Structures are given as structure tokens and as C-alpha cells.
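Step one of this worksheet: look at the structure below.
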2 protein chains.
Amino acid sequence: MDEIDWSILTQLQENSRQTMIELGKKVGLTSPSVTERVRRLEDQGVIKKYGALVAPEKLNKRVTAFILMEPKDCMKYVQFTKEQPDIVECHRIAGMYSYLTKVVTESVHTLEDHINACLEYGKPTTLIVLSSPVEQKAITPSVNE
Amino acid sequence: MDEIDWSILTQLQENSRQTMIELGKKVGLTSPSVTERVRRLEDQGVIKKYGALVAPEKLNKRVTAFILMEPKDCMKYVQFTKEQPDIVECHRIAGMYSYLTKVVTESVHTLEDHINACLEYGKPTTLIVLSSPVEQKAITPSVNE
DNA sequence: GATATTATGGATGAAATCGACTGGAGTATT
DNA sequence: AATACTCCAGTCGATTTCATCCATAATATC
């Protein structure tokens with residue numbers, strides 16, 4: 001992991017669909033060299049996957065919410081989150097509550113359905129997202145490296 | 001937006017670095033047709049960007065946390081979240097608190113520094129992430145479409 | 001049935017990939 | 001300390017694969 005690798009990572013977080021030639025120009029290498037470095041970053045698991053970021057509101061998903069949960073049975077709740085298509089993230093947390101779950105759904109109606117479904121597993125506290133001033137910032141190197 | 005577009009979206013959320021030929025085989029179209037559909041999805045803003053998902057723990061970022069904030073001055077706090085490199089998401093929320101912010105940082109020490117920095121803007125409540133059973137599920141069509 | 005939209009096929013240009021080669025850093029040998 | 005050896009990362013050039021463009025065909029719409 002040198003600063004060229006960081007430069008590659010930053011670039012790919014911003015745009016994963018760019019040619020190795022473009023990427024090479026930005027980081028000062030030829031395309032085979034960049035390809036080799038990217039391959040190593042993938043093998044090391046530094047790059048986990050390449051994905052497309054979509055706009056939920058253009059796909060009839062107009063409500064995003066975070067749900068804080070205190071489930072009675074953690075295993076069953078985790079299973080539930082994996083099966084629910086509207087749940088896009090689920091984090092086990094320390095502090096107040098045990099889980100923080102992100103839901104992207106059609107409307108407040110479907111959100112209510114979702115919350116009702118949650119009630120079987122515990123006590124949900126719902127935080128509806130109004131806007132997202134910071135959506136997906138790239139991970140950058142810490143100052144000392 | 002027909003089911004072929006949805007199929008394309010699902011595929012690209014899973015892997016944005018695949019050739020239009022591969023994608024075409026999966027959705028039953030030739031590569032120029034797929035390219036045209038992808039171009040339209042991009043133009044419509046359905047696809048916002050293509051990114052690489054990285055593993056923070058392999059980049060010396062071993063602590064992830066969500067911070068619930070009740071800032072005194074919202075504008076100043078939003079500005080702060082945009083400038084802080086460790087903040088990767090920030091959502092304005094309804095319900096308890098006004099903001100939910102995601103932080104990816106080196107250690108509990110740097111998290112503490114971050115929390116101290118937050119104190120200038122309001123009262124932070126920190127939820128440290130222990131694990132993420134669901135990391136980044138793809139957005140899929142609602143049942144009625 | 002006319003028209004607009006979307007898909008296909010083939011040709012062209014660009015990018016990815018592979019192998020051979022080069023240069024430099026580090027290490028061992030004398 | 002100088003020389004030679006090894007290893008690693010990069011470059012270059014050739015080949016294969018892919019993206020793009022355009023003309024044409026198929027499909028859907030009214």
C-alpha cells in the first residue's frame with residue numbers, strides 16, 4: 001500500500017468504470033501496471049466489489065429510514081434482515097440498542113408494514129431520512145500514511 | 001423501466017465492472033442494446049455513479065460508528081461533515097435527533113478525537129459498529145412492478 | 001397500415017491481456 | 001568494498017477481446 005495504491009483506490013471509489021489507461025494517466029503508470037496493482041488490491045480483499053449506486057427515488061422508493069432495534073432473539077432478527085428485500089444494511093452496534101438497520105422502501109405505508117413486521121422481533125425505533133447532505137464519501141488515507 | 005432494466009440494474013449493483021457482452025448474455029440482449037439501455041439509465045439519473053467498495057479494516061480503519069447529533073447550528077454542522085475526511089455519510093433525519101452520521105476511522109482514539117470535535121456543534125450520541133450482517137444489499141423492484 | 005422505438009449484425013477503433021524484456025533495489029559472495 | 005545474482009515492478013509490443021457506430025430489421029403504438 002503506497003500512495004499510488006491510494007490514488008488508485010480513491011479513483012475507483014469515485015468511478016469504477018474507467019479504463020486502465022485513464023486510470024494509468026491519473027496515477028502515472030501504464031495500463032498493464034495499473035491492472036496488476038488493481039488485481040493485487042482485489043486479491044488482498046482491499047477492494048471488495050464494484051457496484052452501481054442507484055437513485056431510489058427514481059425507482060419508486062421514496063422513503064429511506066434507519067431503524068434502531070432491540071430484538072428479543074438476535075439470530076432470528078438477523079435472518080429477517082437478510083430476507084427482507086427492503087433492508088439494504090444491518091449493523092450490530094454497541095451503545096443504545098443492538099442493531100441499526102437501513103430500509104429503502106416505497107412509501108410511508110410500506111414503511112409502516114415493515115415496522116409492523118419488525119414488531120415480531122422486538123422494539124423498533126424509526127428514524128426517517130429527510131435528506132442526505134453527505135451520501136457516499138470515499139475512504140481516504142489517514143494522515144500518518 | 002421494464003424488467004430488463006431492473007435486471008441490468010441488479011447486475012450492475014452486484015458488479016459494475018463487467019463487459020456489456022457479459023451483461024447482455026445475462027439479460028438476453030446484444031451488447032449494443034445493453035449499452036443503449038445503460039446509457040439511458042445513466043441519463044435519467046437512475047444510475048448515479050459507479051464505485052468500488054473497499055474494506056476499511058484493510059486500510060487501517062478499524063472502527064466504524066454512527067453518531068446521532070442534535071446540532072445547535074445545522075448549517076455549520078453539515079459543513080463540518082463535508083470537510084471531515086472520516087465522515088463518509090450524513091443524513092438529516094426526523095424522529096429523535098436531527099442527524100445520523102457515519103464515521104470510519106482508525107481507532108477508538110481517533111474516534112474520541114472526532115467526538116471531541118463534534119462537541120463544538122452539539123451533543124453527539126455514538127453507536128459503535130461491532131459487525132455488519134448486511135453490508136450493501138442491492139435495491140430490487142417492489143412487488144407491484 | 002404508418003410511424004416511432006428498440007434490437008440486431010457487421011465493421012472499425014479502442015482497450016485489456018499476455019509474454020518478453022528492462023532497470024533498479026536488495027543481498028550474497030568473494 | 002566491488003561484483004554478481006536475484007527479485008520485483010514497470011514498460012513495450014503483439015494479440016485478443018470489447019465498445020462503438022451505422023445501416024438495417026423487428027416490434028410495438030396509435
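In what follows, every heavy atom counts, from backbone to side chain, and hydrogens, waters and symmetry copies are set aside. The structure displayed is predicted, hence computed values, not measured ones. Chain letters run A, B, ... following the sequence lines, proteins first, then strands; residues in each count from 1.
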Calculate the interatomic distance between R39(B) atom CZ and dA19(D) atom P; express it in whole Å. 16 Å
Whole-Å distance, M20(B) CE to dC21(D) C1', equals 15 Å
Checking salt bridge (Lys or Arg N to Asp or Glu O under 4.0 Å) for the pair E36(B)/R39(B): CA distance, chi angles, key distance, verdict? CA-CA 5 Å; E36(B) 173 61 15; R39(B) 194 193 56 73; 2.9 Å; yes
By nearest-nucleotide position on DNA chain C, the 5'-leaning member of R40(B) and R17(B) is R40(B)
Side-chain heavy-atom pair V34(B), K26(B) within 4.5 angstrom cut-off: no
What's the CD-P distance between E36(B) and dA19(D), to the nearest Å? 15 Å
Would you confirm whether K58(B), through its side chain, and I47(A), through its main-chain N or O, come within 3.5 Å as a donor-acceptor pair? no
Need two values: the first and the last nucleotide of DNA chain C, 5' to 3', having an atom under 4.0 Å from any heavy-atom of chain A. dA15(C) to dC18(C)
Has the side chain of T10(B) got a donor or acceptor atom that lies under 3.5 Å from a matching backbone atom of W6(B)? yes
Whole-Å gap separating P (dT16(D)) and CD1 (I21(B)): 16 Å
Does S33(A) place a side-chain N or O at less than 4.0 Å from the phosphate oxygens OP1/OP2 of dA9(D)? no
What residues, two or more places apart in sequence or in another chain, satisfy salt bridge (charged side-chain N to carboxylate O under 4.0 Å, His left out) together with E14(A)? K49(B)
Taking only side-chain N and O atoms of T35(B), does any of them lie within less than 4.0 angstrom of OP1 or OP2 on dA19(D)? no
Partners of E112(B) by salt bridge (charged side-chain N to carboxylate O under 4.0 Å, His left out), sequence neighbours excluded? none
According to salt bridge (charged side-chain N to carboxylate O under 4.0 Å, His left out), who are the partners of K48(B), at least two apart in sequence or on a separate chain? E135(A)
Sub-4.5 Å side-chain heavy-atom contact between D5(A) and V46(A): no
Take the C1' atoms of the five end pairs on each side of the helix from dG1(C)-dC30(D) to dT30(C)-dA1(D), derive the two axes, and give their angle rounded to 10 degrees. 30°
For a quick check, with a 4.0 angstrom heavy-atom cut-off, what is the B/S/- contact string for nucleotides 22-30 of chain D, read 5' to 3'? ---------
Please tell me if the side chains of Q79(B) and Y121(B) come closer than 4.5 Å, counting only heavy atoms from C-beta onward. no
Distance in angstrom units between Q18(B) CD and dA19(D) C1', rounded: 15 Å
Quiz question: by atom type and distance under 3.5 Å, do the side chains of T101(B) and Y77(B) form a donor-acceptor pair? yes
Could you check whether N15(B) and R17(B), counting side-chain N and O atoms only, form a donor-acceptor pair closer than 3.5 Å? no
